[in-house]
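Scroll down for the structure; my scribbles are underneath it.
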Amino acid sequence: MSSNVLHKPSNKKLGRRKAKQTLVAYSFIAPNFIGFAVFTLVPLVFALVLSLLEWDGANPISFVGIDNFLRLAKDAQFRRALYNTVIYTVGVVPLTIVCALALAILLNKNIKGRNFFRTVSFFPYVASLVAVAAVWNFMFSPVRGPINNFLNAFTGIPFEQLPGWGASKDWAIITVILFTAWKNTGYYMVIYLAGLQGINPELYEAAEIDGANSWNKFRSVTVPQLYPTTFFVTIMLIINSFKVYDIFINLFAGGDNQLSDATRVLVYQIYNTAFRSLNFGYASAQAIVLFVLVLIVTLIQFRGEKRLG
Amino acid sequence: MVKQNRKGIAGRIFIYILLVILALIMLVPFAWMLSSSLKLNKDVFTFPMKWIPQSPRWQNYIDIWKKIPLGIFIFNTSKLSAIVTFLQLITSSFAAYAFAKLQFKGRNALFLGYIATIAVPWQTYMVPQFIMMSKMGLNNTHLAIICLQAFSAFGVFLMRQFYLGVPDELCEAARIDGLNEYGIWAKIMLPLSKPALSTLTIFTFVNTWNDFLGPQIYLTKIELKTIQIGLRMFIMQYSSEYGLIMAASVVALIPVLIIFLSLQKYFVQGVASVGIKG
Amino acid sequence: MKRVIPVLLVIALALGMFAGCGQKENPPAPESKPAAEKTADAAPAKDEPAKAESVNLKWAIWDLDATAYYNPLVEAYVAKNPHVSIEYIDLGSADFMTMLSTQLSGGADLDVLTIKDIPGYANLVKQNHLEPLNSYISSQGIDTSLYGGTTEQITVDGEVYALPFRSDFWVIFYNKDLFDKAGVDYPTNDMTLAQYDELARKMTSGSGADKIFGCHYHTWRSAVQLFGILDGKNTIVDGTYDFLKPYYELILKQQDDGICQDYATLKTSSIHYSGVFYNNQIAMMNMGSWFIATQIAKVKAGESLATNWGIAKYPHPDGVQAGTTLGTITSLAVNSNSKNKEAALDFMKFVTGPEGAAVVAKTGTIPAITNDEVVASITSMDGFPTDDASKEALKTSKTYLEMPMHDKSADIETVLNECHDNIMTKNTTIDEAIADMNSRIGEILK
C-alpha cells in the first residue's frame, strides 16, 4: 500500500501501469477464481435464488416471495437449532483461543522436547474425525466408558450423579465443546506460533527496559502484536462453529443420522429441511440467515483489522 | 540472582508438568484406540482397563482387511488428497499474491466476495452443485471431488494473510531489479512462504483426507470410495464390533500421520526462520 | 529430527507394503460383488449364439456385506439371464433414502432401486423418480393379491410405483439361557403388554458390567411408540396422538426402574441392538423378523454368544388378538429415467415374484409373498430355534404398517421422531410432547 507513495510517476504513466497491473493481477487470480466460480459460485447463487422459491428438487418451481422468511420467524425448530449453534460457538471460540494461545506461548519457549510437544498437540487435528469421534464416543459412554469409570473409582461419586456427557441433554453441548477444543486447538496453536515468532524481539527488550514484568509484556506487546493472527483465528473459529455439522453427526447421531433437540444445529436443520422434507427453498432461506450472521461477524472483524492495521 | 534462578527452575518444572498433562490429554484417546484395536469386543470396556492386552488380537487387523477393501480406499484417498493439495497450493498462492501485493480495481470487493463464501456451509448449495456436476458427467468420478476441493476460498484467505506480512519493500526492490510479477511470485514469495505453504498443505491434505459428505454423495461405486466413507459405513454396519472399528481407525490414521511427520519440520522449525508478521 | 527420518522410512516402507497388499488384493477385493460380474464375464461366450445384447443394471442397495440375500438373488437371476450383469451401488444404511433421492435428483444412472421406507418412497413418488407400474403389472399378469394387501398400502392416486420383496413383522426375541438361569418361564405366544412388562421386571438382575436387562428397545420410534396402534383404533398419520400416552408411560417407567437400557445412552453411543443381544445382556428384545437371519448367521460364526434363543409373538394390548403386530415392507422400484428400463423391470419382477421369494426365504428372511411353504422353509432352516412355540411365532394374524402411506409422511415422521426423542431423553414430559405432536402435525396436515 505504501509503494505508490514512494514513487510519483506522471499521471499518464501511472494510468498505464495501473491498467497493466490490473491485468497482471487478474491473471494471478484467474486459475483459482475460474474453478471457484464454476464449482462454488454458480451453484451458490442458484441456491440463494432458491430461498424465494418453493422446490422439491424435481417438480416445477413456484415463486413464493419472502414466505420462506416469514415462516422462519415462527419456526420453533429453527430457533432451537440457532440457539444450540450460538451456545456452541460461544463455548468453542474463547475456549479454543485461550488453549491455543497458552499452548503456543508455552511451546514458543526454549524448552527441551519442544518439538515433541508441538507434534503431540497438533496430532488430534490431523486425526480422522470419524475415527476419533468413535473413540470419544466410547470413552464418554456414561456407564461403560473409561471416563466415568475413572471418575467413579477416584471420587466415589455413583454413576447416576456423574455427568451423562453426550447422552444427557444438559451435558451434550458441553461434551461437544470439549471435544471440538481437543480436536482443533493444535491447529490454531500452530497459527499462533507463527504469529509469536513474527514479533520483533526488540519490542520485548524495550518493554523490559521500561521495567515491564511478564504480564505487562504479554498485555502490551504480545496481545497487540498478535492482533492480525487473532483476527484470522477468531473468524475461522466463528465460521467453522456456525457451519458445524460433521462433528455433531459423528458424535451424536446413531445409525439414522438424526440429531435430537439438544444437539440439533443449524446446518443439520438445513440439511434436514432440504433432503428429508424436500423443501429446498425453505432450506435456502435458513442458509441465508446463517450466511448473514457469519457475514456480520466477519465484517465487524474486518473493520477492526483495518482500524488496527 | 539465586532467588531468580530458583524461581526460574520452579517455573520450568511447572511448565513441564503442565505440558505433560496436556500431552496426556492429547494422546490418551489414541492410546485407547490402539489398545482397543487389539482386543476382543467384550474386553474393550472392562475396568480397570488393561492398556496392554494380555494376548493382543492381531487378528482384528487381518479381519478388517477382509471386510472392507482398505487398500483401494487408501489408494483413492491418497491420490485425491495429493492432487487436490497440489492444485490448491498453486492456485491459492497465485491468487493470494495478487490480493496481498498488487493494486487493482475491484480488489477489496472481490476479496470480500471470496471470504464471504467461506461463511456459506457447503450443504446449502450441494444440491444445485450435484445436479450441475452430474450434467457435466462428473458423478462417480474422482474429478468431481478434485473440482470440489481444489479451488477453495480458504486457501486464498490463508495465503493472503501470510503474504501481507512480507514487507512490500522486498517486492519493490525486486521490481527495480527488473523482475516481473510472476518472477517475484516464483523467486521471492514462494520460497519465503514455505511455512505458510506447509500449513496450507497440511490443512488441505487433512481436509480432503477426512472429508466424508462429498465423497459419500459423489462416489457411490466401491472401487472409487475413500477411506472416510469406507470407515463410516463400516462403523454403521458393524457398530458393535468395537475392536474392529478401532483397528480400522488406526489404519486410517497412518497415512495422515506420515504426511504430518514429514512436513512438521516446516512447522516446528521453519516457522521461526522467516519473519512472518502474524 | 535425525531420529525421525528412520522412523519415517520404516513407516513409508510399511505403507508401501500396505499399498502392495492393496494392489494385490485389488481383484479379489470387490469380492463383495463377485458372482454377478464373474458370470457376466463368462456370459458373452456362452451367449454368443443367442446374441442377446448384454445389459448392465445398477442396483441401489445398502449394507451389502451385512445382508444375506443380495448375492443369492443376483446369482439366481443371472443364471437364468446370462446376458445381464448386475452392479451394486451401496449407498449405506444411514440415510439411505435421502442419499437415493439426492442421487436421482442429480440424474444418477441407477436402474433398480431398493425402497427402504414409506416416507422415502412417498418423496420419490412426489419427485417423479419412480416408474409407474400399473400397466406393467397388468401386461405381465402379476398377481398383486399374493402380497397380502401390501401393494394397496403403497398405492398413490391409484398408481403403484414399487413391488415388495420383503415383508417383515415384529416379534420378541428372547434369550433362553437367561430365562433358564433365572428360573422364569419363557414368554408365550399370547402375551399382553402387562404380562410382558411383568416378565421383563422378573428378568432384570445384577448391576454394573454384569447387569441383565429384562427387555430392550432400540432407538427407533417404532420400537416404543407403535404399541399404540396395535388395537387398530388409531393410526400414526391421524393428527391426534393422545392415545400414545399409556404406552410411553409404561416404557419410561421401565427405563426409570432400570428394566431396559437408557435411550440416550443407546443413541449417543450408537449401540446396536444386535450387540447387546449377542452378549447375553438382555433377556427379551422386540425387533423385526429381519434379525432372524442375522442372528442365525452370527451364532454360526461364533459372534453371537446368545446361542440358545427363541421367538415369541409380539405383545399386544388387552383385548387385541394374539399375533397382531407391526410390519414393514422393503420393495423394489425402477428409476423412471433408467436407460435399461425393460431389463430393470424384468429383474424387479423376478426378485419380487415367487422365484425371488423362494431365494429370499432360503436366507432366513421373510419374503413379501408368503405361504405355509415359505414359512416352513424358514423355520426348518439350520439354526432356527427348534421348539414349536418359536415356529408358531412366525404366524401373524394382523399386521399394521409402521408408517402408512401418506403424501406428508416424511414430514410427519420427522416430527414423530423428534417428539419421541424428546420423551425418551426426558427433554419434555409426555404431555408436552403429545401436545407438540398434535399441533405440529395438525399444521402439516392442514
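What you see is a predicted model, and the numbers here were worked out from it, not measured in a lab. Residue numbering restarts at 1 for every chain, and letters A, B, ... go by the order of the sequence lines.
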### Task
Verify whether one side chain among A/Tyr125 and B/Asn210 offers a donor that lies under 3.5 Å from an acceptor in the other.
no
Heavy atoms of B/Val28 and A/Met139 approach each other most closely as CG1-CE, 4.5 Å
Report task. Indicate yes or no for a side-chain donor-acceptor contact from B/Glu181 to the backbone of A/Ala25 under 3.5 Å, with no hydrogens or angles considered. Result -> no
Rounded to the nearest 0.5 angstrom, the OG-CG distance for B/Ser93 and A/Asn32 is 9.5 Å
The interface call for B/Leu18 against chain A, heavy-atom contacts under 4.5 Å, is side chain
Looking only at B/Trp209, B/Phe99, B/Tyr114, the option with the highest number of non-hydrogen pairs under 4.5 Å against chain A is B/Tyr114
ask   = Is the ring centre of A/Phe140 less than 6.0 Å from the ring centre of B/Trp32?
value = no
So, the part of A/Ala134 with a heavy atom under 4.5 Å from chain B: the answer is both
Under 4.5 Å to a heavy atom of chain A? For B/Phe14 that would be neither
Okay, A/Ala274 and chain B: the region with an atom under 4.5 Å from a heavy atom over there is neither
Bottom line for B/Ser152: the part with an atom under 4.5 Å from chain A's heavy atoms is backbone
Taking every heavy atom of B/Tyr125 against every heavy atom of A/Leu44, the minimum-distance pair comes out as CD2-CD1, 3.4 Å
| field | Aromatic ring proximity, centroids under 6.0 angstrom, A/Phe28 and B/Tyr182 | value | yes
Comparing A/Ser284, A/Ser128, A/Ala47, A/Pro31 against chain B, the one with the most heavy-atom pairs below 4.5 Å turns out to be A/Ser128
Most contact-rich option vs chain B, by heavy-atom pairs under 4.5 angstrom, among A/Lys112, A/Lys109, A/Lys183, is A/Lys112
Interface check, chain B: of A/Phe46, A/Phe123, A/Phe242, A/Tyr192, most non-hydrogen pairs under 4.5 Å belong to A/Phe123
So, the part of A/Val45 with a heavy atom under 4.5 Å from chain B: the answer is neither
Honestly, the part of A/Leu107 sitting under 4.5 Å from a heavy atom of chain B is side chain
One should read off an interatomic distance between B/Gln103 CD and A/Thr22 OG1, to the nearest 0.5 angstrom, of 9.5 Å
Looking only at A/Ile239, A/Val42, A/Leu41, A/Ile191, the option with the highest number of non-hydrogen pairs under 4.5 Å against chain B is A/Ile239
Using the side chain to side chain contact (heavy atoms under 4.5 Å, CB included) rule, take B/Met26 and A/Phe117 through it: C-alpha gap first, then chi angles, then the decisive distance, then the call.
CA-CA 10 Å; B/Met26 296 297 177; A/Phe117 286 117; over 6 Å; no
With a 3.5 Å distance limit and no angle check, can you tell me whether A/Trp182 reaches the backbone of B/Ile25 through a side-chain donor-acceptor pair? yes
Looking only at A/Leu23, A/Thr185, A/Leu106, A/Leu103, most heavy-atom pairs under 4.5 Å shared with chain B are made by A/Leu106
Turns out that what part of A/Thr230 lies under 4.5 Å from chain B's heavy atoms comes down to neither
So CZ of A/Arg114 and CG of B/Leu19: to nearest 0.5 Å the spacing works out to 11.5 Å
To the nearest 0.5 Å, atom OH of A/Tyr187 lies from atom CZ of B/Phe203 at 4.5 Å
dist B/Tyr16:OH -> A/Ile111:CD1 (nearest 0.5 Å) comes out at 5.0 Å
Fill in: Close side-chain approach of A/Val120 and B/Phe30, heavy atoms under 4.5 Å
no
With a 4.5 Å cut-off on side-chain heavy atoms, are A/Trp136 and B/Pro29 touching? yes
Cut-off 4.5 Å, heavy atoms of chain A, and the answer for B/Val156 is side chain
Okay, B/Leu158 and chain A: the region with an atom under 4.5 Å from a heavy atom over there is both
- B/Trp122 versus A/Lys243: any side-chain heavy-atom pair under 4.5 Å? no
In this structure, CD1 of A/Ile29 is separated from CG of B/Leu102 (nearest 0.5 Å) by 8.0 Å
With chain A, the option among B/Phe104, B/Phe157, B/Phe151, B/Tyr97 that has the most non-hydrogen atom pairs under 4.5 Å is B/Phe151
Pair count under 4.5 Å, heavy atoms only, with chain B: among A/Val135, A/Leu293, A/Leu266, highest is A/Val135
